[in-house]
Novice: 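This is the structure, below, for whatever I ask next.
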Amino acid sequence: MDQDPTRRSIANATAQPNYSTSSSSSVCSPQSQPDNVPPVIPRQVLPVYYCPPKPESKEPFIDFEFPDPETHRVRIRRPVHKLGRAFISKYQKALAKMKSLPLNDPRNFMRQANIHCIFCTGAYNQMHSNSPLNIHRSWLFFPFHRMMIYFHERILASFMDDGDDFALPYWNWDNPEGMLLPKMYMNGSFFDTERDQSHVYPSVADINFGGVESGLSDKDQIETNSRFMYHQMISGAKRTELFMGCAYRSGENGSCNGPGTIELAPHNALHTWVGSNLNPQRENMGTFYAAARDPVFYAHHSNIDRLWEVWRELNEHKLDIHDPEWLDSHFFFHDEKLRLVRIRIRDVLNISKLGYAYEPIDHAWVNARPMPSMPPNIARQILQQKKQQMLQYFVQKQDFGPKGHRLSTNVRLEVERPKKQRSREEKIREEEVLVVYGIEVVRDVYAKFDVFVNAVNVNTIGAESREFAGTFVNLQKGVRSEEEK
């Protein structure tokens, strides 16, 4: 059986495929940059210290303690599109108070935003280590952001007279009713000037945004989003590392770069979709250093956090991580009482103990399994015919060379499979995964390509088709490393 992964690229990227022991085929299809995208500013003229590098704090700290269930009610996080006026008003006033605090107060909104900047750009200086720390693109992604928005939520609640039951709402972009950038974020302290004005309410979000407008009607965009979510949450997330990301360990060789499905998209894709197309790196949301300056960041990550829980429940917690190194990894955050708190990943795995829950909502994507664009047996026959008729139909392994292959045009590869035939029991027991090693983005730019399997015409299908196998998305950091100065 042939495989035909297609990659779509919109930036300078190179990749080296992993070849196994049996035969298959693949295609790369680039997405060209739209005319209105600003030119990339040379790295040497970008400011370096958007957020100053912060050494591991010598400030006294306390260890995290769970809220007392006897005195703290469970807070319910609700979808933004279902919020009432009273809640919105209360939230808006608390956010305005947070923004008015002096910068030397760690509860200040910009200080909150800089937490994300510091931990997501390599600016955090760890004690006893010269390695840059980045909590994206690994198994740290979900727990770190859960911690960050948890403390943000508690600080906001402390500015309210009746904040005991306050909970961050979530932008429910995986649900047809919630796929619009919420109207609430166009007003008052929720408003941010640095957004793509063609994507604000009532535009339907493209949750697999690749830098180019999809051109789909609202109805077709919603259907495509739902089918894409099925892949990212179900068919493409059947193993722990596929959803959670790679194991980021301590030590000189412990870092990794293998993000999970949801982090790549919709997470990265929506960050870019929201950020302003008039800014060099689509600030604010479109680059790590500035993303948390937009209040919609917190609703976006509240939904990411919710989907982590949904995925765990869909898999009956059988794919949960039990590695002690992950469980005992810890971070520091200031709480609503200005205390520095050390919190471990093991502390945030039970949201009931953290004192919050998510309002249940239907998931249309559960029943949105993508259909193949044509019967698979016919697709394989056509691909075999093209292979016989065109000697250069497939890029050869030797064409990659030691420097890889630049994804500036469609690239179609024939990839070996470990087994051509597998029994039903083998398919249930073991997931077959296509791996592309050695992807390199040569500059700090937004880069995206999609992968398809057995796709006859990659120009007429997308993430709504069963041929779609996954996506790669690189979101800009926005801060130069020491080597780039």
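Given the structure is predicted, the values throughout are model-derived calculations rather than measurements. We use all heavy atoms of the structure for the numbers below, so side chains are in, but hydrogens, waters and symmetry mates are not.
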Novice: With the side chain counted from C-beta on, respond yes when Phe468 and Ile461 share a heavy-atom pair under 4.5 Å apart, and no when they do not.
Specialist: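 No, too far: nothing below the 4.5 Å cut-off.
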Novice: Tell me whether Thr121 contacts the main-chain N or O of Cys117 through its side chain, where contact means a donor paired with an acceptor under 3.5 Å.
Specialist: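 Checking the backbone N and O of Cys117 against the side chain of Thr121, a donor-acceptor pair under 3.5 Å is found.
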Novice: Hey, does the side chain of Thr287 reach the backbone of Lys477 with a donor-acceptor pair shorter than 3.5 angstrom?
Specialist: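 Yes, the answer is positive, given that a donor and an acceptor are paired below the 3.5 Å cut-off.
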Novice: Name all residues meeting the side chain to side chain donor-acceptor pair (under 3.5 Å) criterion together with Arg75; count only those two or more places apart in sequence or in a different chain, and write none if there are none.
Specialist: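 Arg75 satisfies side chain to side chain donor-acceptor pair (under 3.5 Å) with Glu153 only.
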Novice: Quick test of your reading of the model: are Glu223 and Lys219 salt-bridged, counting only N-O distances below 4.0 Å?
Specialist: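 No, Glu223 and Lys219 are not salt-bridged.
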Novice: For the residue pair Lys448 and Asn268, confirm or rule out a side-chain donor-acceptor distance under 3.5 Å.
Specialist: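 Looking only at side-chain atoms, Asn268 and Lys448 do not form any donor-acceptor pair under 3.5 Å.
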Novice: Under 3.5 Å, is there a donor-acceptor pair linking the side chains of His267 and His300?
Specialist: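 The criterion, which ignores hydrogens and geometry beyond distance, is not satisfied for His300 and His267.
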Novice: Under the salt bridge (Lys or Arg N to Asp or Glu O under 4.0 Å) definition, can you give me all pairs with a residue in residues 228-241, not counting sequence neighbours?
Specialist: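 Non-adjacent pairs meeting salt bridge (Lys or Arg N to Asp or Glu O under 4.0 Å): Arg239-Glu241.
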Novice: Is the closest side-chain heavy-atom distance between Phe141 and Arg137 below 4.5 Å?
Specialist: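 Not in contact.
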Novice: Using the six-membered ring of Phe61, assess whether NZ or CZ of Arg342 lies under 6.0 Å from its centre and within 45 degrees of the ring axis.
Specialist: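 Judged by the rule (NZ or CZ under 6.0 Å from the ring centre, within 45° of its axis), Arg342 is not positioned above Phe61.
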Novice: May I ask you to decide if the ring planes of Phe332 and His330 are parallel, tilted or perpendicular, using 30° and 60° as cut-offs?
Specialist: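 Perpendicular: the ring planes of Phe332 and His330 meet at over 60°.
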Novice: Looking only at the aromatic ring of each residue, does the gap between the centers of Phe64 and Phe333 stay below 6.0 angstrom?
Specialist: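 Between Phe64 and Phe333, which both carry aromatic rings, the centre distance is not below 6.0 Å.
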Novice: Can a donor-acceptor pair be found, under 3.5 Å and without considering hydrogens, that links the side chain of Asn474 to the backbone of Val445?
Specialist: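 At least one qualifying donor-acceptor pair exists.
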Novice: Going by an N to O cut-off under 4.0 Å, is there a salt bridge joining Asp335 and Arg154?
Specialist: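 Here Asp335 does not pair with Arg154 in a salt bridge, since their nearest N and O are not under 4.0 Å apart.
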Novice: Please tabulate, one pair per line, all N/O donor-acceptor pairs under 3.5 Å involving side-chain atoms of residues 360-375, not counting sequence neighbours.
Specialist:
| residue | atom | partner | partner atom | Å |
| --- | --- | --- | --- | --- |
| His363 | NE2 | Arg306 | NH1 | 2.9 |
| Trp365 | NE1 | Asp174 | OD2 | 2.9 |
| Ser373 | OG | Glu467 | OE2 | 2.6 |

Novice: Pairing donors with acceptors under 3.5 angstrom, does anything connect the side chains of Asn377 and Gln381?
Specialist: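 On atom types as modelled, these side chains do not qualify, holding no pair under 3.5 Å.
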Novice: Is the distance between the ring centroids of His136 and His116 less than 6.0 Å?
Specialist: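 Yes - the distance between ring centres of His136 and His116 falls below the 6.0 Å cut-off.
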Novice: Tell me, yes or no, whether the heavy-atom count around Glu309 atom CD, taken from other residues, nucleotides or ligands under 6.0 Å, exceeds 12.
Specialist: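 Yes, CD of Glu309 has more than 12 neighbouring heavy atoms, counting only those of other groups under 6.0 Å.
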Novice: Measure the shortest side-chain to side-chain distance between Leu475 and Tyr446 over non-hydrogen atoms and say whether it is less than 4.5 angstrom.
Specialist: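 A side-chain contact under 4.5 Å exists here.
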Novice: If only side-chain N and O atoms count, and only distance matters, is there a donor-acceptor pair under 3.5 Å linking His271 with Gln476?
Specialist: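 Judged by distance alone, the side chains do not pair up.
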Novice: For Trp326 and Met244, work out which heavy atoms get closest and say how close.
Specialist: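 Smallest heavy-atom distance, with atoms named: CZ2-CE, 3.9 Å.
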Novice: Do NZ/NE/NH1/NH2 and the carboxylate oxygens of Lys353 and Asp347 come within less than 4.0 Å?
Specialist: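 Answer for the salt bridge query: no.
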Novice: Identify the two heavy atoms, one from Asn208 and one from Ala265, that lie closest to each other, and give their separation to 0.1 Å.
Specialist: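 Minimum heavy-atom separation between Asn208 and Ala265: OD1-CB, 3.8 Å.
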